[in-house]
Amino acid sequence: MDNPFTRLPVMEGSFLRLRPLQRSDTEALYQAASDPLIWEQHPDPLRYQRERFEQTYLAGALASGSALLVTDKHSGEVLGCSRYYDWDPERAEVAVGFTFIVRSRWGGATNAELKRLMFDYAFQHAGKIWLHIGKDNWRSRKGSEKVGAVFSHEAVREIGGQPHDYAFYCVTREHRS
């Protein structure tokens with residue numbers, strides 16, 4: 001079955017614009033990602049370093065074909081990135097993650113609009129969305145609960161060849177808030 005998460009449309013909300021990530025976005029995206037506090041609770045807390053960011057985050061995002069650059073719809077400022085992954089057409093499930101948002105947009109409506117746009121698109125093709133969050137990333141866990149994700153379980157996932165403890169959250173089409 002064709003993967004609907006590798007040819008993504010441009011998505012717009014009230015104040016966000018999401019579009020497929022391109023190699024030419026590297027510098028602006030790195031500038032958004034270079035704040036060490038963004039990655040402080042992440043399983044790879046050194047992602048703010050340019051080489052690490054390009055090798056572990058950017059390379060994977062570009063290779064996935066399913067990463068979205070998040071920008072302010074009005075100013076064009078790069079605010080972060082997110083992507084779809086682990087599409088399972090037989091189970092009609094997909095994961096949303098690898099998300100980061102600049103600190104100036106924490107605690108506001110940015111994450112809610114980002115997830116609403118991504119969930120709306122995903123629910124056109126899937127009945128369940130998974131979010132895999134570093135077990136100790138309490139900021140992201142709390143943010144996911146705010147957008148209606150429900151804790152399911154904890155498990156180890158291998159990312160970049162390294163095992164990490166993750167909390168699994170899910171949102172279903174039927175129980176979406």
Participant: Quick one: pull up CD in Glu77 and CD in Gln31 and give me the separation to the nearest 0.5 Å.
Facilitator: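 Separation between the atoms: 11.5 Å.
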Participant: Measure the spacing between CH2 of Trp39 and OG1 of Thr56 and express it to the nearest 0.5 Å.
Facilitator: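 Reported value, rounded in 0.5 Å steps: 7.5 Å.
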Participant: Would you indicate whether the side-chain heavy atoms of Met118 and Leu68 approach each other to under 4.5 Å?
Facilitator: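 Yes. Closest side-chain heavy atoms under 4.5 Å.
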Participant: What closest approach, in Å, do Val94 and Ala126 show between heavy atoms, and which atom pair accounts for it?
Facilitator: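 Taking Val94 first and Ala126 second, the nearest heavy atoms are CG1-CB, 4.2 Å.
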Participant: List the residues meeting side-chain contact (heavy atoms from CB on, under 4.5 Å) with Ala95, not counting sequence neighbours, and say none if there are none.
Facilitator: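 By the side-chain contact (heavy atoms from CB on, under 4.5 Å) rule, Ala95 matches Tyr85, Asp86, Trp130, His132.
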Participant: Going by the rule side chain to side chain donor-acceptor pair (under 3.5 Å), which residues pair with Ser64 if we only count those two or more places apart in sequence or in a different chain?
Facilitator: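 In terms of side chain to side chain donor-acceptor pair (under 3.5 Å), with neighbours along the sequence ignored, Ser64 is linked to Ser66.
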Participant: With side chains defined as the heavy atoms from C-beta onward, is the minimum distance between Arg17 and Val10 less than 4.5 Å?
Facilitator: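 A side-chain contact exists here, since the closest heavy-atom pair is under 4.5 Å.
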Participant: Walk me through whether Tyr48 and Ile38 qualify under side chain to side chain contact (heavy atoms under 4.5 Å, CB included).
Facilitator: CA-CA 8 Å; Tyr48 69 92; Ile38 290 173; over 6 Å; no
Participant: Atom CD1 of Ile133 and atom CG of Asp165: how far apart are they, to the nearest 0.5 Å?
Facilitator: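 Between Ile133 CD1 and Asp165 CG, I get 14.0 Å after rounding to 0.5 Å.
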Participant: Please identify each residue that fulfils side chain to side chain donor-acceptor pair (under 3.5 Å) with Ser140, with sequence neighbours left out.
Facilitator: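 Testing Ser140 for side chain to side chain donor-acceptor pair (under 3.5 Å), a comparison that skips the adjacent residues, returns Asn137.
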Participant: Considering only residues two or more places apart or on different chains, which pairs with a residue in residues 58-67 satisfy salt bridge (Lys or Arg N to Asp or Glu O under 4.0 Å)?
Facilitator: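 Passing the test, one end in residues 58-67: no pairs.
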Participant: Closest heavy-atom contact between Pro43 and His164?
Facilitator: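 Reported closest heavy-atom pair: CB-ND1, 3.5 Å.
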Participant: Output the distance between atom CD (Glu12) and atom OG1 (Thr71), rounded to the nearest 0.5 Å.
Facilitator: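 Reported to 0.5 Å precision, the distance equals 8.0 Å.
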Participant: Transitively linked via ILVMFWY side-chain contacts under 4.5 Å: Phe100 with Trp138?
Facilitator: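 No, separate clusters.
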Participant: What orientation do Phe5 and Tyr84 show, parallel under 30°, tilted 30 to 60°, or perpendicular over 60°?
Facilitator: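 Phe5 and Tyr84: tilted rings.
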Participant: Find the distance between CG (Leu18) and NZ (Lys73) and round it off to the nearest 0.5 Å.
Facilitator: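 Taking CG in Leu18 and NZ in Lys73, the distance rounds to 11.5 Å.
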Participant: Grab the two heavy atoms, one from Tyr166 and one from Gly134, that are nearest each other, plus how far apart they are.
Facilitator: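 Here Tyr166 and Gly134 meet closest at CD2-N, 3.4 Å.
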Participant: Nearest 0.5 angstrom please: Leu69 CG to Leu21 CG, how far?
Facilitator: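 Answer rounded to 0.5 Å: 6.0 Å.
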Participant: Treat each ILVMFWY residue as a node, draw an edge where side-chain heavy atoms are under 4.5 Å apart, and state whether Val150 and Phe119 are in one component.
Facilitator: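 Looking at the clustering, Phe119 is in a separate group from Val150.
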Participant: What do the steps show when you test Thr99 against Val70 for side chain to side chain contact (heavy atoms under 4.5 Å, CB included), and what is the final call?
Facilitator: CA-CA 10 Å; Thr99 305; Val70 181; over 6 Å; no
Participant: Suppose the criterion is salt bridge (Lys or Arg N to Asp or Glu O under 4.0 Å): which pairs have a residue in residues 54-67, not counting sequence neighbours?
Facilitator: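 Checked against salt bridge (Lys or Arg N to Asp or Glu O under 4.0 Å) - neighbours excluded - the pairs reaching residues 54-67 are Arg50-Glu54.
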Participant: In terms of relative ring orientation, are Phe53 and Tyr57 parallel, tilted or perpendicular, with 30° and 60° separating the classes?
Facilitator: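 Aromatic pair Phe53/Tyr57 classed parallel.
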Participant: Do Pro4 and Gln124 come close enough that some side-chain heavy atom pair is under 4.5 Å?
Facilitator: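 Sidechains of Gln124 and Pro4: no contact.
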Participant: On a heavy-atom basis, which atom in Leu29 and which in Gly80 lie closest, and how many Å separate them?
Facilitator: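 That closest heavy-atom pairing would be CD1-O, 3.7 Å.
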Participant: Would you check if the side chain of Arg47 reaches a backbone N or O of Arg52 as a donor-acceptor pair within less than 3.5 Å?
Facilitator: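 Absent.
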Participant: Got Leu8 and Arg19 here, is their nearest side-chain heavy-atom distance under 4.5 Å?
Facilitator: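 With C-beta onward as the side chain, the pair stays apart.
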Participant: If every non-hydrogen atom of Ile129 is compared with every non-hydrogen atom of Phe123, which pair is closest and at what distance?
Facilitator: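 Shortest heavy-atom contact: CD1-CZ, 3.5 Å.
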Participant: Do Arg83 and Phe98 form a cation-pi contact, if we require the NZ or CZ to be under 6.0 Å from the six-membered ring centre and within 45 degrees of the ring's axis?
Facilitator: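 Relative to the ring axis of Phe98, which defines the angle, Arg83 lies inside both limits.
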Participant: Given the rule in the side chain to side chain contact (heavy atoms under 4.5 Å, CB included) test, do Lys135 and Arg141 qualify, once you have shown the distances and angles that lead to the verdict?
Facilitator: CA-CA 8 Å; Lys135 180 181 162 190; Arg141 290 178 73 162; 4.2 Å; yes
Participant: Output yes when a side-chain donor or acceptor of Asp25 lies under 3.5 Å from a complementary backbone atom of Gln22, and no otherwise.
Facilitator: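 Yes.
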Participant: Looking only at heavy atoms, what is the nearest atom pair of Ala67 and Cys81, with distance?
Facilitator: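 For Ala67 versus Cys81, the nearest heavy atoms are CB-SG, 4.3 Å.
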Participant: Indicate yes or no: at least one non-hydrogen side-chain atom of Leu62 is less than 4.5 angstrom from one of Arg23.
Facilitator: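 Contact flag for Leu62/Arg23 side chains = yes.
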Participant: Scan for side chain to side chain donor-acceptor pair (under 3.5 Å) pairs involving residues 102-111, sequence neighbours excluded, and state none if there are none.
Facilitator: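 Checked against side chain to side chain donor-acceptor pair (under 3.5 Å) - neighbours excluded - the pairs reaching residues 102-111 are Asp35-Arg103, Asp72-Arg105, Asn111-Lys115.
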Participant: When you compare the side chain of Lys128 with that of Arg91, does any pair of heavy atoms fall below 4.5 Å?
Facilitator: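 Counting from C-beta outward, Arg91 and Lys128 never come under 4.5 Å.
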Participant: Is the side chain of Glu113 donor-acceptor paired with the backbone N or O of Ser14 at a distance under 3.5 Å, no angle test?
Facilitator: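 A pair under 3.5 Å: yes.
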Participant: Apply side chain to side chain contact (heavy atoms under 4.5 Å, CB included) to residues Leu131 and Val171 and explain how you reach the verdict.
Facilitator: CA-CA 8 Å; Leu131 293 92; Val171 180; 4.2 Å; yes
